[in-house]
Amino acid sequence: MADGSGPFDIVVLGGGSGGYACALRAAELGKSVALIEKDKIGGTCLHRGCIPTKALLHAAEVADETREATSIGIKARFEGVEMSGVHAFKDKIVNRAWKGVQGLLKSRGVTVIEGEGRLDGPTRVVVGGQVVEGRTIVLATGSVPRSLPGLDIDGERVITSDHALKLDRVPSSVVVLGGGVIGVEFASVWKSFGAEVTIVEALPHLLPLEEESSSKLLERAFRRRGIKYELGVRFEGVKTTDTGVVVTLQGGKTLEAELLLVAVGRGAVSSGMGFEEAGVAVERGTVVVNEFCQTSVPNVYAVGDLIPTLQLAHAGFAEGILVAEHIAGLNPVPIDYAGVPRITYSDPEVASVGITSAVAKERGYEITELVYDLGGNPKSQILGTQGAVKVIAQKDGPVLGVHMVGKRMGELVTEGQLIYNWEALPTEVAQLIHAHPTQSEAVGEAMLALAGKPLHVHN
């Protein structure tokens, strides 16, 4: 380093999920580590993504449960949403986790450098006027909300998820551009808070990357909740007015609302960072890596939203750990991305692990499928949720995919993850006894049926 403390074993550029996980694991393995972050340790997930949105979704769930309390004999009255109180709840959760991560880094001896870093060759990062030398560099610069060409985000009428998380009021009406995870979650929150919501999605279904039957169950649930959607139609443009926005769709249809939320995905932070000048290959904005997250420059690695893998915090954690262990020579096993659970925390939740039936057929598998309706699961009925657990298995072989829709399915997908990643046969899982009454029985019942011995399943 410029101040004479010598080169670090590893310099991590970016302190989000992938970056700080790499720093923690590398320090645990005895490496000297510098972690460079321009904003707050924890990155998008902790400050502008996973954690704050889930806090809002919990508040939304409480709002809905209060409205419906009289239907189960509880006297309660819903009187509205006080956004200052919701934000205080959300910020308390975020700040506690932020302090926790800072404490972990300190206790493991990671040197945290505040400032905006830029790669300056394969072994150097420049932060302000300071040069930080590292034998190995790990790029973890993350992502920012994307927009569409010609769509001007003003932060007032036309907003991204970053703005939505700080909104000081419940909007009367919102058009959500994008029916992926972010768009669906915000649509769910705002509807629970009392807004009129319409989602616009260019592809034929909400959550287009999920099993089609899961998307259809979500659409049916949203229809019942009064969340509108325009599917298979492209966005043409938006005009701001004194009272809000007028959104024009392909074909000339217009939608009026107070706000337009642009939720068309997130783009990697890679331009102007010195990557290509240092020899790091970048394609369509993302850094190209091998199965160990190594870039085209052998001593430079990249993790998280910067690389073209799943844009999920837990994928970032796993990539950070993988990189730290690879640098330390531990010979880690590359990540099977199909085995990473995916959850949309709307009401109802949509969770999955493994592959879809369409992908299974593309790969030439002969498959068997079983759908277990939550209508047969007493705990789900107590919770007042509808949905299903769908299991896809190779004919006479292991489970290839588990796809779930319903309240609390995000907690249930963990068993699906174990089943898929251990290549379990339905007959093996069918021997395991699930507690009654729990929602986890839905998985057990599906496996019993696939094993040819259905219990609470109509043939």
Side-chain angles (χ1 to χ4, degrees), residues 61 64-65 68-69 71-74 184 188 205-207 210-225 341-358 360 367-420 422 424-459:
E61 183 183 16
D64 286 332
E65 288 186 348
E68 294 153 16
S71 69
I72 58 170
I74 305 297
V184 162
S188 188
H205 288 289
L206 297 179
L207 302 182
E210 292 290 348
E211 181 75 12
E212 191 175 312
S213 60
S214 292
S215 294
K216 286 178 175 173
L217 281 171
L218 177 71
E219 287 157 17
R220 189 190 306 166
F222 271 18
R223 202 159 51 239
R224 279 196 302 266
R225 290 186 59 195
R342 306 162 297 268
I343 308 166
T344 303
Y345 296 83
S346 49
D347 180 21
E349 290 184 351
V350 180
S352 62
V353 67
I355 58 175
T356 62
S357 50
I367 60 171
T368 55
E369 299 178 347
L370 194 286
V371 177
Y372 180 79
D373 194 302
L374 294 185
N377 178 257
K379 187 64 188 284
S380 293
Q381 296 312 295
I382 291 165
L383 292 171
T385 190
Q386 297 176 34
V389 172
K390 179 176 187 176
V391 180
I392 300 158
Q394 190 176 347
K395 195 172 188 308
D396 302 320
V399 171
L400 299 173
V402 181
H403 304 272
M404 308 168 160
V405 180
K407 205 171 270 189
R408 303 188 185 178
M409 289 297 114
E411 304 298 333
L412 219 57
V413 77
T414 303
E415 184 176 3
Q417 178 200 208
L418 292 172
I419 291 166
Y420 170 84
W422 280 342
L425 302 172
T427 49
E428 292 169 331
V429 184
Q431 293 174 43
L432 306 175
I433 300 166
H434 290 75
H436 175 77
T438 62
Q439 288 187 291
S440 71
E441 283 181 286
V443 177
E445 293 276 0
M447 295 298 170
L448 282 165
L450 276 173
K453 47 181 187 181
L455 186 58
H456 300 100
V457 176
H458 294 284
N459 289 332

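Remember, it's a predicted structure, so these values are computed and weren't measured experimentally. All residue numbers refer to positions in the sequence shown, counting from 1.
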Closest non-hydrogen atom pair, A393 against L450: CB-CD1, 4.4 Å
Approximate separation, where rounding is to 0.5 Å, of L400 CG and I355 CD1: 5.0 Å
Chi angles and distances behind the side chain to side chain contact (heavy atoms under 4.5 Å, CB included) call for F222, S188: CA-CA 8 Å; F222 271 18; S188 188; 4.2 Å; yes
NZ/NE/NH1/NH2 to OD/OE distance under 4.0 Å, E212 and K216: yes
Between CE on residue M447 and CG on residue L432, distance to nearest 0.5 Å: 9.5 Å
Donor-acceptor contact present, side-chain Q417 to main-chain P341, <3.5 Å: no
Residue pairs involving residues 405-420 (criterion salt bridge (charged side-chain N to carboxylate O under 4.0 Å, His left out); sequence neighbours excluded): none
Donor-acceptor contact below 3.5 Å, side chain Q394 vs main chain L425: no
S215 side chain to L206 backbone, donor-acceptor under 3.5 Å: yes
For the student: nearest non-hydrogen atoms of S214 and H403, plus distance: OG-CB, 3.7 Å
Under 3.5 Å donor-acceptor, R342 side chain and V350 backbone: no
Spacing of CD1 belonging to I382 relative to CD belonging to Q439, to within rounding of 0.5 Å: 9.5 Å
Under 3.5 Å: donor-acceptor pair, side chain of E441, backbone of T438: yes
Steps toward side chain to side chain contact (heavy atoms under 4.5 Å, CB included) verdict (L218, E210): CA-CA 11 Å; L218 177 71; E210 292 290 348; over 6 Å; no
Exercise: identify the closest heavy-atom pair between G416 and V402: CA-CG2, 4.0 Å
Heavy-atom closest pair, residues P348 and S346: O-OG, 2.7 Å
Closest non-hydrogen atom pair between A388 and L217, with its separation: CB-CD1, 3.8 Å
Criterion side chain to side chain contact (heavy atoms under 4.5 Å, CB included) on V391 and Y372, from CA distance to verdict: CA-CA 8 Å; V391 180; Y372 180 79; over 6 Å; no
Minimum heavy-atom distance between S357 and I367, given as atom pair plus value: CB-CD1, 3.9 Å
Between CG on residue L448 and OG1 on residue T427, distance to nearest 0.5 Å: 11.0 Å
Stepwise side chain to side chain contact (heavy atoms under 4.5 Å, CB included) check, M404 with E349: CA-CA 8 Å; M404 308 168 160; E349 290 184 351; over 6 Å; no
Q386 CD: over 12 foreign heavy atoms closer than 6.0 Å: no
Spacing of CG belonging to L412 relative to OG belonging to S380, to within rounding of 0.5 Å: 8.0 Å
All pairs passing salt bridge (charged side-chain N to carboxylate O under 4.0 Å, His left out) where residues 381-392 contributes a residue, at least two apart: E211-K390, E369-K390
